Amino acid sequence: MNNVSQHDTGTGLLRQFSVQASAAGLLAAFVGSASSFAVIIQGLTAVGASQIQAASGLMALCISMGLCAIVVSLKMRQPISIAWSTPGAALLAATALPEGGFATAVGAFLVSGLLIVIAGLWKPLGRAVAAIPAPLANAMLAGVLLGLCLAPVKAVAEAPVYGLAIILTWALVARFRRLYAVPAAVLVTVIIIAMTADVSQLHADALWPQPVLVMPQFSLAGLVGIALPLFIVTMASQNIPGIAVLNVNGYRPDPGPLFSITGIFSLAAAPFGGHAVNLAAITAALCAGTDAHPDPTRRYWAAAMSGVFYILFGLGAGAATAFVSAAPPILIQAVAGLALFGAFGSALLGAVTDPTNREAAIITFVVTASGLSFFGISGAFWGLLAGGAIYALTHWRRKNA
């Protein structure tokens, strides 16, 4: 029985507050935002969001994941880092404009968030997601990411000077500190946009984010082509690795409630255009590691403070979206592609390492990357379906050999 009063609990939290942990939280929020906000905007725009709707979605994601990080970290006193689903946004960027436009996408976001909640509460669904063969899940993710990862090369072809400047900045900084490579590339891109784009035409009212409520539409194509793949990549590429990072650093939270909480905050962000909130993986290491604080019992302040900074960054979502909209699309795509190189390499390696399942994984990758679309359903679903069929046939033959 816990006899600690609320006053004692609050005093304990303040006593454990750490400037070092707060600095780690600021770094995590900056890296998480700067490294992938272009991917988020690209993804939302691809499924029909207007500039104002994309800004609203970006703001909703920042506020939702910020509040989620603060709540779970302070309640559990563990460095539970929260992020938006970067692989999910890349999936949206590779998805054809759905029938019904952004309203259909928002309906899919709601369904995906609901599935995440259920996966946390109902163990059979969570086990079903975990049972998806890792080579196929990795191959689907690699196929989704391929298009954006080609963008830096295309940028060099379309705008050689600017494209090379962005890539060289990324490559040089990565040689010294890979963590800062993408933010440095983002900074160079901002400078290029400021020098070349006509930013004087930006209206002041567009710089302040405005929450835009989108009435969702639901369709079978949106469910199968967006909601289901978004749920799978968010669980397989963010939530499950996020738990693994915490475990490596000595923290053992119960995964189910965490999945459900991120699903609830995803549901809160969806009506305003946010696609998915989930456990962080890369930035989780910043908050859960020794750099956050030598004392493991005080590192939760790093995750909590990252949430505070995410909320503050959300107030700049309108300016970020307006600025990006004034830029040549290929430059934004190039930065997004650089941000996804690591994820693409890891997914590709995970897809083809096992020779037994390599053929099924390659088929999944090729079909997904092809951009194939039937009945308004994106290639990610068909890739997983085709690869799954070959996977089942391969193992059936081996079983009956």
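Model, not experiment: these values are computed from the prediction.
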**Message:** Between S260 and P257 (side chain of the first, backbone of the second, donor and acceptor by atom type, cut-off under 3.5 Å), is there such a pair?
**Reply:** no

**Asked** Looking only at heavy atoms, what is the nearest atom pair of Q42 and A93, with distance?
**Response** CG-CB, 4.1 Å

**Request:** Spell out, as yes or no, whether a donor-acceptor pair under 3.5 Å connects the side chain of T364 to the backbone of A360.
**Result:** yes

**Request:** Decide side chain to side chain contact (heavy atoms under 4.5 Å, CB included) for W301 and S73; before the verdict, give the C-alpha distance in whole Å, the side-chain angles of both, and the deciding distance to 0.1 Å.
**Result:** CA-CA 7 Å; W301 270 111; S73 295; over 6 Å; no

**Asked** Do T169 side-chain atoms and A165 backbone N/O form a donor-acceptor pair below 3.5 Å?
**Response** yes

**Fill in**
In I226, L267, L223, the residue satisfying side chain to side chain contact (heavy atoms under 4.5 Å, CB included) with V111 is L223

**Backbone N/O of G143 and side chain of T368: donor-acceptor pair under 3.5 Å** = no

**Prompt:** Roughly how far, to the nearest 0.5 Å, is the CG atom of D254 from the CZ atom of F259?
**Reply:** 9.0 Å

**Message:** Surrounding CD1 of I264 (heavy atoms of other residues, nucleotides or ligands, distance under 6.0 Å), is the total greater than 12?
**Reply:** yes

**Request:** Could you pull out the closest heavy-atom pair between A69 and G307, with the gap in Å?
**Result:** CB-CA, 4.0 Å

**Message:** Using side-chain heavy atoms (C-beta onward) and a distance below 4.5 Å, is H275 in contact with L61?
**Reply:** yes

**Asked** Tell me, do P355 and R358 make a side-chain contact under 4.5 Å, heavy atoms counted?
**Response** yes

**Message:** A side-chain contact here means heavy atoms from C-beta on lying under 4.5 Å apart; do I80 and Y300 qualify?
**Reply:** no

**Asked** Quick one: does V212's side chain get under 4.5 Å of F272's, heavy atoms only?
**Response** no

**Request:** Applying side chain to side chain contact (heavy atoms under 4.5 Å, CB included), run through L258 and M76 and close with a yes or a no.
**Result:** CA-CA 10 Å; L258 287 180; M76 300 180 67; 3.8 Å; yes

**Asked** Considering all heavy atoms of both residues, which atom of P296 and which atom of Y251 are nearest to each other, and what is their separation?
**Response** O-OH, 2.7 Å

**Prompt:** How long is the gap from OG1 on T234 to CD1 on I116, to the nearest 0.5 Å?
**Reply:** 5.0 Å

**Item:** From SG (C62) to CZ (F37), nearest 0.5 Å
**Value:** 10.5 Å

**Asked** Under 30°, 30 to 60°, or over 60°: which ring-plane class applies to W170 and F341, parallel, tilted or perpendicular?
**Response** perpendicular

**Request:** Pick out which of I166, I167, L164 makes a side chain to side chain contact (heavy atoms under 4.5 Å, CB included) with P152.
**Result:** I167

**Request:** Kindly check if the number of other-residue, nucleotide or ligand heavy atoms within 6.0 Å of CD (E359) is above 12?
**Result:** no

**Message:** Any non-hydrogen side-chain atom of L92 less than 4.5 Å from a side-chain atom of F109?
**Reply:** yes

**Message:** For Y310 and F313, take the angle between the two ring planes, folded into 0 to 90°, and tell me which bin it lands in: parallel under 30, tilted 30 to 60, perpendicular over 60.
**Reply:** perpendicular

**Flag side-chain contact, heavy atom, 4.5 Å: L246 against Q78** = no

**Asked** Between I70 and A304, which heavy-atom pair has the shortest distance, and what is it?
**Response** CG1-O, 3.4 Å

**Request:** Measure across L58 and I40 and return the closest heavy-atom pair with its distance rounded to 0.1 Å.
**Result:** CD1-CG2, 4.0 Å

**Non-hydrogen atoms of I363 and A386 that approach each other most closely** = CG2-CB, 3.9 Å

**Request:** Test side chain to side chain contact (heavy atoms under 4.5 Å, CB included) on V156 and Y162 and set out the steps.
**Result:** CA-CA 7 Å; V156 173; Y162 301 141; over 6 Å; no

**Item:** Value rounded to 0.5 Å, distance of OG1 in T297 from CZ in R77
**Value:** 9.0 Å

**Item:** Sub-4.5 Å side-chain heavy-atom contact between P133 and N357
**Value:** no

**Item:** Approximate separation, where rounding is to 0.5 Å, of M235 CE and S112 OG
**Value:** 10.0 Å

**Message:** Can you confirm whether L279 sits close enough to I243 that some side-chain heavy atom of one is under 4.5 Å from a side-chain heavy atom of the other?
**Reply:** yes

**Request:** Calculate, to the nearest 0.5 Å, the distance between atoms OG and CE belonging to S266 and M65 respectively.
**Result:** 11.0 Å

**Request:** Under the side chain to side chain contact (heavy atoms under 4.5 Å, CB included) rule, what do L114 and L110 come out as? Steps first, then yes or no, please.
**Result:** CA-CA 6 Å; L114 182 60; L110 286 168; over 6 Å; no

